[in-house]
Amino acid sequence: DDEETLAVAAVIAKLVLDMVNWPKEQIDEYKCVVELLKHVTNELGWAWKNAEGKKENSLEGMSAWYAAQQAHYSTTVLSEVLCGMVAEHADAIDRLSARFGVGFDASYENLLRGLVCWDSEMVDEAALRGLEDPAIFAFSFGTGNKIGLAESIPTLVGPG
């Protein structure tokens, strides 16, 4: 995998870890699952993404962090790393389930299923380049600059 793919995998792994790594005392702080999910998406996710985007070297160190996760879970396969994170934090997930009930279970299962199934190999660069008018959403987090394949395709960036 290249550096960009590893950085994207790291961001996905960070999101999964943000979703499952909950000490008991933090779980008890939330009155409803919506508050908890807002914390995951807005504070742990969005605020972190914006802070990263402001850095000159956005996402620097994420590939190394992800490599450490791969070593910890003894696999280089993203879905296996993510499943390892979920399994390692099963107690926290069980506490969340007991606290918030079946609605939590269904929501988290759907969110995690989508993340665990992410696969960079599904991107077919030749097929994308063969499209008459491709719409490729490949931008860095926070900067709005193109990354990867999008850099070599003459499309507009930004409003208008």
Side-chain angles (χ1 to χ4, degrees), residues 1-124 136-151:
D1 286 328
D2 61 29
E3 191 72 20
E4 288 178 351
T5 302
L6 291 175
V8 171
V11 170
I12 292 170
K14 180 203 177 297
L15 176 58
V16 168
L17 204 53
D18 287 347
M19 290 175 63
V20 300
N21 186 15
W22 286 90
K24 183 184 184 319
E25 59 277 4
Q26 282 186 329
I27 293 170
D28 294 339
E29 291 177 20
Y30 297 93
K31 295 179 184 76
C32 67
V33 73
V34 171
E35 289 179 359
L36 181 131
L37 289 174
K38 282 184 180 178
H39 175 74
V40 170
T41 58
N42 296 345
E43 295 174 37
L44 300 178
W46 192 253
W48 173 83
K49 181 210 65 87
N50 288 337
E52 278 297 312
K54 290 178 183 176
K55 293 179 183 177
E56 187 172 322
N57 295 319
S58 183
L59 302 178
E60 183 176 47
M62 289 301 291
S63 296
W65 176 84
Y66 181 65
Q69 300 307 306
Q70 289 175 316
H72 177 74
Y73 296 105
S74 303
T75 182
T76 59
V77 178
L78 175 61
S79 61
E80 293 174 7
V81 171
L82 302 180
C83 288
M85 290 175 168
V86 171
E88 183 175 355
H89 295 90
D91 290 345
I93 295 169
D94 289 344
R95 285 193 303 272
L96 289 163
S97 178
R99 174 105 165 96
F100 299 117
V102 72
F104 165 82
D105 294 342
S107 297
Y108 252 46
E109 182 179 340
N110 286 332
L111 289 167
L112 291 170
R113 184 181 295 126
L115 290 169
V116 167
C117 293
W118 183 83
D119 181 5
S120 64
E121 297 301 317
M122 293 177 63
V123 177
D124 182 348
I136 298 175
F137 299 95
F139 298 92
S140 71
F141 296 95
T143 68
N145 296 323
K146 293 180 182 184
I147 61 171
L149 173 61
E151 288 179 321

Side chain to side chain contact (heavy atoms under 4.5 Å, CB included) with Glu43: which residues, sequence neighbours excluded?
His39

Distance (rounded to the nearest 0.5 Å) between Trp22 CH2 and Arg99 CZ
11.5 Å

Decide yes or no for Tyr66 and Leu78: does some side-chain heavy atom of the first lie under 4.5 Å from some side-chain heavy atom of the second?
yes

Any chance you could measure Leu96, atom CG, to Gln26, atom CD, to the nearest 0.5 Å?
10.0 Å

Between Ser63 and Ala7, what is the shortest heavy-atom contact and its length?
OG-N, 3.7 Å

According to side chain to side chain contact (heavy atoms under 4.5 Å, CB included), who are the partners of Asn21, at least two apart in sequence or on a separate chain?
Leu17, His89

Mind checking the SG-CE spacing from Cys83 to Met85? Nearest 0.5 Å is all I need.
11.0 Å

Could you pull out all residues at least two apart from Thr75 that satisfy side chain to side chain contact (heavy atoms under 4.5 Å, CB included)?
Tyr73, Val77, Glu80, Val81

Under the side chain to side chain contact (heavy atoms under 4.5 Å, CB included) test, which residues partner Arg95, sequence neighbours left out?
Lys24, Ile27, Asp91, Ala92

Set of salt bridge (Lys or Arg N to Asp or Glu O under 4.0 Å) partners for Lys31, sequence neighbours left out:
none

Grab the two heavy atoms, one from Trp65 and one from Ala10, that are nearest each other, plus how far apart they are.
CZ3-O, 3.5 Å

Tell me every residue that passes salt bridge (Lys or Arg N to Asp or Glu O under 4.0 Å) with Asp18, counting only those two or more places apart in sequence or in another chain.
Lys14

